[in-house]
Every structure is written in C-alpha cells, then in structure tokens.
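To start, the structure under review is shown below, and the notes come after it.
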Amino acid sequence: MRLGLALGYWGRGPSPDHIPLAREAERLGYDSVWTAESWGSDAFTPLTWIAAHTSTIRLGTAVAQMAARSATTTAMHALTLDHLSGGRMMLGLGLSGPQVVEGWYGRPFPASPLTATREYVDVVRQVLRREAPVELSGRFHSHPYRGPDATGLGKPLKPITHPLRADLPILLGAEGPKNVAQTTRIADGWLPLYWSPTRPEVYGPALADLPEGFLVAPMAQARVCDDVAEGLLPVKMMLGFYIGGMGHAARNFHADLMARMGYAEDARRIQDLFLSGRREEAVLAVPDAFADEISLVGPRERIAERLESWRKGPVTDLLVLSPDRHTLRVLAELNA
C-alpha cells in the first residue's frame, strides 16, 4: 500500500505550508500528492506550483470537478501538467452534487449522472490518445456541438499538442454502488470518500473482482496523538460540514453514504442540526465510532495496529490528510 499526501483545497487563502509539506512527503518516500477544489481555489494551479518544487512525487487531483470545465479543457490541463512534470500527473475527477453544480457553476446537474460521467471520461481519453479528432454524439457532451443554437460550423479536432502519455491514469470519485461499479469499468482507479476497512460491503459487489492494476485510493485524516477523542475532533468537524451542509436536505450524497454505512439516524440528526444553524451541535453529533473507523488517530501503537486492516483490503494508495510532519513521518515508518 503506497502513501499519498492529500492537501485538499484552500480555505480563506493559500497555505504557506503546502510546498514544504509536499517536499517533506517526497523526502519521506510518499508516492503522490493531491489537491482538490470546491468553490474557491482550483485544483490544477496549486498542483502545477507543487510540480515545480518537487521532482519525483506523483501529482493528482482529488478531485477536479467535472462541472468546472468541459471535458476537453480538463484534458488540456492534464496533458499540459503531465508534460511539465515529466509524466507525473494523475487525473482524479468528481461530479460533485446539485448544490455546487447549479449553485456555483451555474449549470444543470445531469439527470443521468452515470451517463454524464461516462461521456466525460470518453472525451478525455480521446484527447489523450490523439488517434483521431474528438467525436461523440452524447447526451451531455457532444463533439462537435450540434445543439439547436449551434452555428453548424464546428468541426472535429484533435489536440495540437501531442500528449506525453495516452494512458495517463484517470480516477473517479464515486459514492453510490452503481457509480462505483461503473468506475471499475471505465476508469483506472477509484477515490472513495469515506473508506472503512471493516465495511467493504457498503460498496456492493463492485469491488469483488477489480481489474488488474486498478487503484483504490481513499483519503483519511491522520494524527499521532495521545488523546483519541481530541484527535478525532477535526474529523468530526469535516464530517459535520459535509454531512450537514455539503448538499441539500433532500439530496446529499455524503449523508446517503453515511446512512449506508450504518449511521442513518445520526446522518439525519447531523443534517437537521446543521441546517437549523446549530453547527457546533452538528459536529458533536457525529459519532466517535464513525469518525474513528474512517481515520487514523491516536498513539503510534494504535495507528500501527489499525493500519494493518487498511493493508488487508483492496486499498492500493492511502491518501493521508494531515498538516503534521510528525504524523507523516510516523506513517512513512509504519508503512515501510
């Protein structure tokens, strides 16, 4: 099981620690570093900055939002950064949810998310292969565009730039069982949101027969500390926001996933508290047991023991979300 460093997206502004953390992770033997985006900083610009300050660590987006860019634009970002970094790029994509797609990007959330994802990946792969001009008569992504307001002058094109790698890895952030199953068929890897090594059945039979070389790369908050309850508080704060506020009360994929993991009543209570403005109570309502099973928190010996369960399953890459150098070093030592 390889280790990756997950930096997430910026908050109020850029973190001065991201470059030092990425360089330290590279020094410690971490295989990859990952950036993200929500509705603030983008995923590709910080990753390019990191690429310029590192030399061997692989570079991934976890995730770049599909609604933010056309599929060809995303492919351009990926092939450009792959060239600049000497072939270190991995493209992680996610559909996001209606709240962000419609509220931030001003686009309709696709009526058939699986079809939209499949078409998007198809276009990206066509660009990277550069075997022929990009053509797709899709429901959501058509090349050339032939909608009712088209000029009719569009023509199929292939990229001027020759991609460095036709097989640049594409990973998908997927949560529902059907989405996960499709991911194993059309992508090179999967980025689980909440991964519990004790509950692989949550994602159904899709993981029973994975393609050879398929990447399973969950993100987990980690912290080496003496007080487990205190160490879990940042995990609970993240869960309180995602379960409670990252989506509408009637349609929240994160809350749905928590429910499938056995915490349906807790998920509803977190949502109710968060949406009624009682955010601190929402965080405290996150069960310690749930926060604990999807993270690596506690003394070194406890983390070492729990790390074994992560190694036994299908996980190929553990993406560590931690700003603490000591924690990064301990995990590198335990995983050596």
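Bear in mind the structure is a predicted one, so any value in this text is a computation, not a measurement.
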How about [X]: does its [atom1] atom have over 12 heavy atoms from other parts shown lying under 6.0 Å from it?
X      : atom1 : answer
Arg199 : CZ    : yes
Trp310 : CH2   : yes
Met1   : CE    : yes
Arg279 : CZ    : no
Met76  : CE    : no
Glu333 : CD    : yes
Arg2   : CZ    : yes

Salt bridge (charged side-chain N to carboxylate O under 4.0 Å, His left out), that's the test. Do Arg27 and Glu24 meet it? Break it down for me. CA-CA 5 Å; Arg27 187 189 70 80; Glu24 176 67 2; 2.8 Å; yes

Between the main-chain N or O of Leu153 and the side-chain N or O of Thr151, is there a donor-acceptor pair closer than 3.5 Å?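 Side chain of Thr151 to backbone of Leu153: a pair is present.
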
To the closest 0.5 Å, what do you measure between CG (Leu47) and CD (Glu37)?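 So the gap between those two atoms works out to 11.0 Å.
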
Nearest 0.5 Å, what's the CG-CG distance between Leu5 and Leu318?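 It comes to 11.0 Å.
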
For residues 206-219, tabulate all N or O donor-acceptor pairs below 3.5 Å that involve a side-chain atom, not counting sequence neighbours.
none

Worked verdict on Asp324 versus Arg223 for salt bridge (charged side-chain N to carboxylate O under 4.0 Å, His left out): CA-CA 7 Å; Asp324 176 48; Arg223 183 181 176 189; over 6 Å; no

State whether Asp292 and Arg306 are salt-bridged, where the test is any N-O pair (Lys NZ or Arg NE/NH1/NH2 against Asp/Glu carboxylate O) under 4.0 Å.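 So Asp292 pairs with Arg306 through a salt bridge.
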
Which donor-acceptor pairs under 3.5 Å do the side chains of residues 139-148 make with protein atoms, sequence neighbours left out?
from	atom 1	to	atom 2	distance (Å)
Ser142	OG	Gly138	N	3.4
Ser142	OG	Gly138	O	2.9
Tyr145	OH	Asp149	OD1	2.4

Worked check of side chain to side chain contact (heavy atoms under 4.5 Å, CB included) between Leu319 and Leu191: CA-CA 9 Å; Leu319 311 187; Leu191 296 159; 3.9 Å; yes

